[in-house]
Enquirer: 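Below you will find the structure I want to go over with you.
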Amino acid sequence: MERERTALEQARLEKIQRLREHGIEPYPTRSEVTHTTAEARALFEREEASANPNPVAATLAGRLRAVRPMGKITFAHIEDGSGRIQLFFRANELGQEALDGFNHEYDLGDFIQASGTVFRTRTGEVTLQVQSFKMLAKALTPLPAAKDEVVDGEVIRHAALTDPETRFRQRYADLAVNPEVREIFRVRAATVAALRRYLDAQGFLEVETPILQPIYGGAAAKPFVTHHNQLKQDLYLRISFELYLKRLLVGGLDRVYEIGRDFRNEGVSFKHNPEFTQLEFYMAYANYLSIMQMTEEMISFASGQVLGTQKIQFNGHEIDLTPPWRRLSLRQGLIETAGIDIDQFPEVESLLAAMRAKGMNPNPHAAWGKLVDGMLGDFLEPTLIQPTFLYDYPRDISPLAKSKPGDPQTVERFEGFIGGMELCNAFTELNDPLDQEARFLEMGREYAADDEERHPMDEDYLRAMSYGMPPSGGFGMGIDRLVMLLTDHHSIREVILFPHLRSREEE
RNA sequence: GGGCGCGUAGCUCAAUGGUAGAGCAGUGGCCUUUUAAGCCAUUGGUUGAGGGUUCGAGCCCCUCCGCGCUCACCA
């Protein structure tokens with residue numbers, strides 16, 4: 001490593017030297033830890049409450065987060081995965097030399113181990129009276145947080161690490177220093193676990209389908225391209241799982257789901273990361289109306305499991321996830337927000353004119369459905385704060401959804417919106433192989449030949465359809481956005497451990 | 001990709017174009033129930049990088065790098 005050591009790191013290097021000179025290994029291979037800090041506290045409080053309290057002896061380990069030396073005594077706090085506990089070092093117990101050793105060679109950020117008995121200080125804090133201690137892992141670089149203060153049980157950080165660039169590039173430091181960041185990822189894991197539990201209980205089978213795909217599809221998005229050297233074949237990182245999961249319906253797996261990563265080669269924003277986590281499920285003999293019910297049930301179940309409530313705070317709004325959610329047709333929603341009844345303008349030209357008359361600046365080359373979708377995003381989406389199902393979408397932006405009976409230009413599709421953000425997308429799946437082929441051909445016409453979002457013809461998918469797929473409902477949801485809602489964060493980067501940042505030259 | 005803004009010590013932040021500072025962290029010392037412990041002393045900087053204007057640039061101008069917001073884009 002060529003990087004120069006800072007003065008602070010130099011000082012710690014010298015401490016490592018001195019420890020070794022005294023025969024102390026700063027990175028030992030074993031720890032003798034007996035309890036987490038939370039276990040030790042709970043054990044002590046139980047003993048304390050009993051008629052004949054027994055002393056609680058424990059060896060605790062964690063990262064040194066605060067030190068207060070006071071001459072012949074020193075107070076410190078260590079932090080492990082379960083929380084913090086105070087340590088009390090006394091020269092009487094340890095000898096002046098050992099105490100001096102702690103005060104001089106141990107730093108904030110070091111992992112240490114301390115053995116002793118638990119007691120309560122005069123101020124009432126459960127504390128380990130240290131009889132012996134040792135270094136578990138010396139931190140060479142100081143953590144980027146200066147100091148913590150506990151006020152009414154709340155930990156207040158002073159000069160906490162807040163610079164977003166450092167936080168995301170050095171997520172380890174962010175996590176080490178900002179406990180609420182660790183909490184986001186506990187919520188995230190619990191959310192995914194709750195969704196799995198829900199789907200498993202409904203008899204769904206969890207599956208894994210290819211990430212490297214010879215033909216991408218299932219969404220309108222630009223893919224990442226990669227190459228298999230030995231096969232001499234370009235491959236795409238998947239933009240959705242849809243076409244593979246529906247092949248499984250053909251194969252007789254009636255209820256399947258997959259939770260995994262999608263990749264889209266597009267701009268990044270507060271709600272877009274180049275790779276993101278998606279849940280898709282497909283259910284034979286279901287349709288978009290039954291999937292709608294299942295969606296509100298599943299999301300409110302997850303919220304209840306993770307947060308213990310259906311009422312969440314997001315962006316200053318209280319949002320109630322309790323079913324049933326509002327149902328609003330896309331047409332009605334646009335009448336109310338954009339002031340345009342799309343049924344009255346069934347042609348691109350007339351819709352363009354109507355939009356211009358309203359002072360909009362539509363893309364003159366867009367297909368009809370894309371114009372509708374644009375108005376949805378501009379006018380309707382920001383108003384959908386409380387959970388809302390928007391339903392019945394234009395056929396030409398939904399090439400995998402089944403048309404409504406008697407209304408071939410509209411498909412049985414809905415999207416779920418919460419907090420002004422699209423959360424999920426679902427439809428009655430198109431299972432007519434001839435109609436599906438016609439849709440693929442339409443896509444080729446409606447989109448310019450150089451539009452990278454154009455759906456490539458997937459012959460194998462059509463072959464699968466031609467074997468017969470049961471009538472089905474399908475569903476897709478961005479897990480990252482759900483976690484944003486449940487944790488009240490407004491940037492997708494906050495809920496992804498290592499969000500994408502432009503790489504930076506470091507000497 | 002466009003527009004706007006930001007980048008100063010390990011962290012959080014100051015500094016009319018005129019000697020780069022503070023708090024915390026660090027270092028040395030005092031202190032036996034503290035909890036942002038306190039007190040005394042003290043170290044620490046290529047002001048993101050490079051160029052320009054000027055007697056003089058952290059500050060003004062240009063280029064580049066990175067980050068943020070925003071627009072475009074985004075089922």
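All chains are named by letter (A, B, ...) in the order of the sequence lines, taking the proteins before the strands, and each is independently numbered beginning at 1. A quick note: this is a predicted structure, and the numbers were derived from the prediction, not measured.
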Enquirer: Any side-chain heavy atom of Thr117(A) within less than 4.5 Å of one from Leu128(A)?
Expert: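 When only atoms from C-beta onward are counted, Leu128(A) and Thr117(A) do not touch, as no gap falls below 4.5 Å.
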Enquirer: Without decimals, in angstroms, what is the distance between Ile492(A) CD1 and C74(B) C1'?
Expert: 12 Å
Enquirer: Restricting to side-chain hydrogen bond (donor to acceptor under 3.5 Å, both in side chains), what partner residues turn up for Asn265(A), sequence neighbours left out?
Expert: none
Enquirer: Assess whether ring-ring contact (aromatic ring centres under 6.0 Å, His included) is satisfied between Tyr236(A) and Phe263(A), documenting all intermediate values.
Expert: CA-CA 9 Å; Tyr236(A) 301 96; Phe263(A) 306 86; over 10 Å; no
Enquirer: When you match Thr127(A) and Thr166(A) each to their closest nucleotide on RNA chain B, which lands nearer the 5' end?
Expert: Thr166(A)
Enquirer: With hydrogens left out and only the distance checked, is there a donor-acceptor pair under 3.5 Å joining Asn92(A)'s side chain and the base of U32(B)?
Expert: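 A donor-acceptor contact between them is present.
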Enquirer: Taking the same atom, C1', in U42(B) and in A9(B), what whole-Å distance lies between them?
Expert: 15 Å
Enquirer: With rounding to the closest Å, how many angstrom separate the P atoms on C13(B) and A20(B)?
Expert: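 Taking atom P in both C13(B) and A20(B), they lie 24 Å apart.
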Enquirer: Taking only the side-chain heavy atoms of Pro144(A) (C-beta and beyond), determine which of U34(B), G66(B), G10(B) contains the nearest atom.
Expert: G10(B)
Enquirer: Rounded to whole Å, how long is the line connecting atom CD1 of Ile73(A) with atom P of U33(B)?
Expert: 5 Å
Enquirer: Please tell me which of the listed nucleotides, G10(B), U34(B), U32(B), lies nearest to the side chain of Met70(A)?
Expert: U34(B)
Enquirer: Using Watson-Crick or G-U wobble geometry with both distances under 3.5 Å, which nucleotide pairs with U54(B)?
Expert: none
Enquirer: Please evaluate the base of U34(B) for a donor-acceptor partner in the side chain of Thr121(A) within a cut-off of under 3.5 Å?
Expert: yes
Enquirer: To the nearest Å, give me how far apart CD (Gln86(A)) and C1' (U34(B)) are.
Expert: 7 Å
Enquirer: Determine the interatomic distance between P on A14(B) and the same-named atom on A22(B); round to the nearest Å.
Expert: 16 Å
Enquirer: In terms of the nearest nucleotide of RNA chain B, which residue is placed more toward the 5' end: Pro69(A) or Phe75(A)?
Expert: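 Final value for this comparison: Phe75(A).
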Enquirer: Write down the protein N/O and nucleotide N/O pairs, taken from nucleotides 69-71 of chain B, whose separation is under 3.5 Å; answer none if there are no such pairs.
Expert:
{"from": "C69(B)", "atom 1": "OP2", "to": "Arg493(A)", "atom 2": "NH2", "distance (Å)": "3.1"}

Enquirer: If you check the Arg502(A) side chain, which of G66(B), C11(B), A75(B) turns out closest?
Expert: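 Within the option list, the nearest is G66(B).
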Enquirer: For Glu415(A), answer base if it contacts any base atom (sugar-phosphate contacts may also be present), sugar-phosphate if it contacts only those atoms, and nothing otherwise; contact means non-hydrogen atoms under 4.0 Å.
Expert: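 It contacts sugar-phosphate atoms only.
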Enquirer: Quick one: does Gln436(A)'s side chain have a donor or acceptor within less than 3.5 Å of a partner on Pro399(A)'s backbone?
Expert: yes
Enquirer: Do the non-hydrogen side-chain atoms of Asn431(A) and Ser472(A) ever get within less than 4.5 Å of each other?
Expert: no
Enquirer: For G26(B), give its Watson-Crick or G-U wobble partner with both distances under 3.5 Å, or none.
Expert: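 WC or wobble partner is U42(B).
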Enquirer: Quick one: Asp100(A) CG to G28(B) C1', roughly how many Å, whole number?
Expert: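 So the two atoms are 13 Å apart, to the nearest Å.
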Enquirer: Quiz question: by atom type and distance under 3.5 Å, do the side chains of Gln332(A) and Glu336(A) form a donor-acceptor pair?
Expert: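 Yes, because at least one side-chain N or O of Gln332(A) sits under 3.5 Å from a partner of the opposite role on Glu336(A).
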Enquirer: Does the side-chain hydrogen bond (donor to acceptor under 3.5 Å, both in side chains) test come out yes or no for Tyr393(A) and Asn425(A), once each step is laid out?
Expert: CA-CA 11 Å; Tyr393(A) 276 64; Asn425(A) 178 29; over 6 Å; no
Enquirer: Counting only Watson-Crick pairs (N1-N3 plus N6-O4 or O6-N4) and G-U wobbles (N1-O2, O6-N3), all under 3.5 Å, who is the partner of U35(B)?
Expert: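 For U35(B), the partner nucleotide comes out as none, under the 3.5 Å rule.
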Enquirer: Would you classify Leu501(A) as touching base, sugar-phosphate or nothing, given that sugar-phosphate means primed atoms plus P, OP1 and OP2, and contacts are heavy atoms under 4.0 Å?
Expert: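 Sugar-phosphate only.
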Enquirer: Distance check needed: A75(B) C1' versus Glu422(A) CD, whole Å only.
Expert: 6 Å
Enquirer: Phe119(A) side chain: which of C73(B), U33(B), G68(B) is closest?
Expert: U33(B)
Enquirer: On a heavy-atom basis, which atom in Glu429(A) and which in Tyr282(A) lie closest, and how many Å separate them?
Expert: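 Scanning both residues completely, I find the closest heavy atoms to be OE2-CE2, 3.2 Å.
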Enquirer: Just name whichever nucleotide pairs with U63(B), Watson-Crick or G-U, keeping both distances under 3.5 Å, else none.
Expert: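 Across any shown strand, U63(B) pairs with A49(B).
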Enquirer: Can you find an N or O donor on one side and an acceptor on the other, under 3.5 Å apart, linking the side chain of Arg122(A) with the base of U33(B)?
Expert: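 Checked by distance alone, the answer is no.
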Enquirer: Could you check how far CZ of Arg167(A) sits from P of C11(B), rounded to whole Å?
Expert: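 Roughly 14 Å, once rounded to whole Å.
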Enquirer: Going by purine N1 to pyrimidine N3 plus the second Watson-Crick contact, or the G-U wobble pair, all under 3.5 Å, which nucleotide sits opposite A15(B)?
Expert: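 Paired with A15(B), as far as the under-3.5 Å criterion goes, is no nucleotide at all.
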Enquirer: Kindly indicate whether the side chain of Thr162(A) and the base of U12(B) share any N or O donor-acceptor pair separated by less than 3.5 Å?
Expert: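 No such pair is found, so the answer is no.
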Enquirer: So, does Lys222(A) get its side chain near the phosphate of C73(B), meaning an N or O under 4.0 Å from OP1 or OP2?
Expert: no
Enquirer: Both distances below 3.5 Å, Watson-Crick or wobble geometry, any strand: find the nucleotide opposite G68(B).
Expert: C4(B)
Enquirer: Quick one: Gln129(A) CD to U32(B) P, roughly how many Å, whole number?
Expert: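 Those two atoms, CD and P, are 16 Å apart.
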Enquirer: Is Glu125(A) side chain donor-acceptor paired with the U33(B) base, going by distance under 3.5 Å alone?
Expert: no
Enquirer: Classify the nucleic acid contact of His490(A) as base, sugar-phosphate or nothing, counting any heavy atom under 4.0 Å across all strands shown.
Expert: nothing
Enquirer: Please report the distance, rounded to the nearest Å, between CD1 in Ile78(A) and C1' in U34(B).
Expert: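 One finds 17 Å between C1' of U34(B) and CD1 of Ile78(A), rounded.
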Enquirer: Do Gln96(A) and Lys72(A) have side chains that approach each other closer than 4.5 Å (heavy atoms only, starting at C-beta)?
Expert: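 Side-chain contact under 4.5 Å: yes.
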Enquirer: What contact category does Arg413(A) fall into here, base, sugar-phosphate, or nothing, at under 4.0 angstrom with non-hydrogen atoms?
Expert: base
Enquirer: Kindly say whether Phe241(A) contributes a backbone atom to a donor-acceptor pair with the side chain of Glu280(A) at under 3.5 angstrom?
Expert: yes
